[in-house]
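Worksheet: one structure, shown below.
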Amino acid sequence: MEELAKSYSHENVEKGKEDFWEKNHYFEAMREENINKPRFSMIVPPPNVTGILHIGHAINTTIIDIIARYKKLSGFDVLFLADMDHAGIATQAKVEEKLRSEGINKYDIGREAFLKEAWKWKEEHADYITKQWRALGLSMDYSKERFTLDEGMQKAVNTVFKRLYDEGYIYRGERIINWDPVLKTALSDIEVVYSQDNGQFYYFKYWLEDHSRYLEVATTRPETMFGDTAVCFNPNDERFKGLEGKMVINPCNGELLPLLADRYVDMEFGTGAMKCTPAHDPNDYKIALRHKLPIIKIMNDDGTMNDKCGIYSGMDRFECRKAIVKKIQDDDNLIKIENIVHNVGHSERSHTVVEPMLSKQWFVKMQPLAQAVVDLQHEAGQIEFFPNRFANIFENWLKNTDDWCISRQLWWGHRIPVYTNKMTGEIVCSVDKLDNKQFEQDPDVLDTWFSSALAPFAFLGWPDLNNPLYKRFYPLDLMVTAYDIIFFWVERMAFQGVHFTNTAPFKKVYIHGLVRDSQGRKMSKSLGNGIDPFEVIQKYGTDSLRFALATGGTPGMDVNFNINRVEKAHNFLNKIWNASRYLLMLLPNDFKYEKPLKNKLSIFDQWIYNKYYSVCKSIKNNMDKYELGQAAEYLYNFIYNDFCSQYLEFTKISLKNNSYEQNKVTYNVLYDILKNLLVLLFPFAPFITEEIYQHLPQAKNSIYEETYPIDLDNNFDSTDIQLVDALIDAVKLIRNFKANNSLSPNAHLRIEFIGDIKDYNLIKDYLERFAFSEIKFADHNIENSVSFKVFSLFISSDENEMSDIIAKRIEELEKEIARSTKILQNQNFVKKAKPEIVQKEKNKLDLFVKELKKYKK
RNA sequence: GGGCGUUUAGCUCAGCUGGGAGAGCAUCUGUUUGACGUACAGAAGGUCAUAGGUUCGAUCCCUAUAGCGCCCACCA
């Protein structure tokens, strides 16, 4: 057997493992040998094919992968599906940019040629993403990889569209939408990001037609004044009594505007008089409908003013704002300019200021569809959120959401499957493509999220209900995603799933937080505080990054990424590496594992098994709750402290002193526990555990073929276990004592040990070795046999020193006794506290008193 | 305006059903102990944001307050 290298090198360990696993089909779901196992299914939130995976992807995929590997070793047939998103707007913007840099305008080459370019882009970037996935150590099923724009998805999307269209849930209508003048497309409400921007509030004079007086009207957007068709005030506003129906002069163009009263206007805000621009403000639009006002669009798609704006036509909207203010000022109609901070909507993608605009678009009528999800939640509680608080956020959104604008004025995406008959003008929605000689297809494409919403079922083969993948793995068992795409994705998957498959598309949703920098700031290019996961991997390895990400925080909470944590993880892995190396050095060449007989186990063996079994239980409990950080913490502490610091050290004594026959037991225990520790750690750090595993005697082809330890029998003599705990405490006390008294750590002390002694020699050796002290056992078989916890009596050769120490100890004991007595004298405590708590306290007091007696006799 | 989260050691964070406050890093002291100096042994460091309440008992439950952060809505 090849030996483990002297020191842990993540480069060597991680090289080639993904290939090995993949070649051996460990990542594939629905292999014949697994078909009788219970299933567990997840998909990765499809990353955009725009390119680079960031630390946010890393935490998301790491969580999913840990669960996938855990489930796999727990005996499930796991589907962890690889997929990517065509990311309409984002990708199109990138491709356009690339073409521009080559001096190509997309309109010159046309739609078809542009799409060819986009597909080329997709192929290149998909390759790169796959490489990154593999670097992150993901165990996705690549053989079933899907893309939101692949053939199957086209069919699914068109099927969904047509059904919603036929059922009246999709309609085309003219409404105020959010327009991105840079990308020249409509956006949905949630693609608009609001920020508190500095701005100006302009107060203008609106003269009455007869010039008898003027009204003050304030606006933040003077450039829209060409689109004004009224000035409004609240009907209860005394200031404007009797003015309704009169006309005022629009100071930007001299045209007359009616004054009208509408409840919408807030008397407290601004001047109480509001200009109404129906084509460029959703509220104004509603007012216009109520009062049948004309609706005038005054802007082009690129954010320049259109021909309704006289001399300003063709001017950029912000230039126009300045120009109009200047003109009004020159006309002496400017009253004042106030600096304000107000909420301004920006495009999520281009970051430009979004222009609300009247536009004919396709919409999904959300209320009935959303309500179906809410109803299902209430009836069956189908989707379980973790952490639970996100369930309310999820539901509130569904209850309040508006219609969803799904059409985008782009080329890259699912083209809307609606056609106009060129001859008859008839509108036809069709799943299959219609002949373009006879029919003209709607030029727009669908919002990317429209297709990714179908992912849970469409990626599994829907609408083919007989697809084996769909039959076996739908609905998904778990969806893992960050809270920032609950509205974009989780909600929409939910309503589409419920509508088309009559069930929630996933049973459970695990929501994790965002990764921030070590000071909790959002990572951003301008701050230069971004963490590139692949740089971290290069330096510390994937295993370390994974472990750090899994233990860095708690579910639902943002993680402040601290490189210290990765270093800690790396040191931890090094620790296991070396512990394993030590063990492999020990084991005889012909070692064959035999389950050690219980009655052959030493007190130390029993002790470690006991700790091991209980830690297994805690780990499994937490893994099942997806409390990965908690599970990893248990594992970390067990490996560092119980296994390495304590048990490995114990074995050094017995291995030195015992016969080969006895040592065989120790070898078996060591082997057994180490092997299972590798299995427990495997989900978090798959590479190093696989590497070590393959060096173990009797290793199978891969650690993948091991099973997660479960159903362990933990029936040991608690007295023996307490004894070892007591020994550990004793060593601590002695070391502590030496340090506090400026004695060298290996200074010899004579120690009297009080308690019922079983493995006399072992204990003696142990204490001599780890406490460097001679042991004298006093009161062998004294009256109580459980007093292992407290037994320390130090005897140094120096009598004075000794009395100091005893005095200190007595003081301590008296304090403890006082505390315990006080609690126990409280009748309410004795009456009302749980009996085991009371008993615990009594036992403690008992021990303290007994120890004190020893010193005082 | 509505909702949510958070406040624990110098820093980054754990703390699962209420029963003597934990880790890693940083700091200080010591150590060629049978794998590991990427280590080992130890020390120091906390009014668990504040004020009330419930309870025999509160970091944990309730109420208020404050700081920090997020989400939704949105006023021209």
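Chain letters run A, B, ... following the sequence lines, proteins first and then strands; every chain starts at 1. Side chains included, hydrogens not; waters and symmetry mates left out as well; all remaining heavy atoms used.
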[X] (side chain) and [N] (base): donor-acceptor pair under 3.5 Å:
| X | N | answer |
| --- | --- | --- |
| A:Lys568 | B:rC25 | no |
| A:Glu649 | B:rG34 | no |
| A:Lys6 | B:rA35 | no |
| A:Glu627 | B:rA14 | no |

Are A:Tyr203 and A:Phe201 close enough that their ring centres sit under 6.0 Å apart? yes

Please determine, for the side chain of [X], which listed nucleotide ([options]) has the closest atom?
| X | options | result |
| --- | --- | --- |
| A:Asn826 | B:rC56, B:rG34, B:rU38 | B:rC56 |
| A:Arg735 | B:rU12, B:rA41, B:rC75 | B:rA41 |
| A:Tyr636 | B:rC56, B:rC13, B:rG24 | B:rG24 |
| A:Ile837 | B:rC75, B:rC36, B:rG19 | B:rG19 |

Does the Lys NZ or Arg CZ of A:Lys568 fall within the cation-pi geometry relative to A:Tyr636 - under 6.0 Å from the ring centre and within 45° of the axis? yes

Using 30° and 60° as the class boundaries, would you call the ring planes of A:Trp397 and A:Phe487 parallel, tilted or perpendicular? parallel

Start at the 5' end of RNA chain B and walk down; is the nucleotide closest to A:Tyr634 or to A:Lys840 reached first? A:Tyr634

Intra- and inter-strand pairs of RNA chain B in dot-bracket (Watson-Crick or G-U wobble, both distances under 3.5 Å; | for another strand): (((((((..((((.....[..)))).(((((.......))))).....(((((..]....))))))))))))....

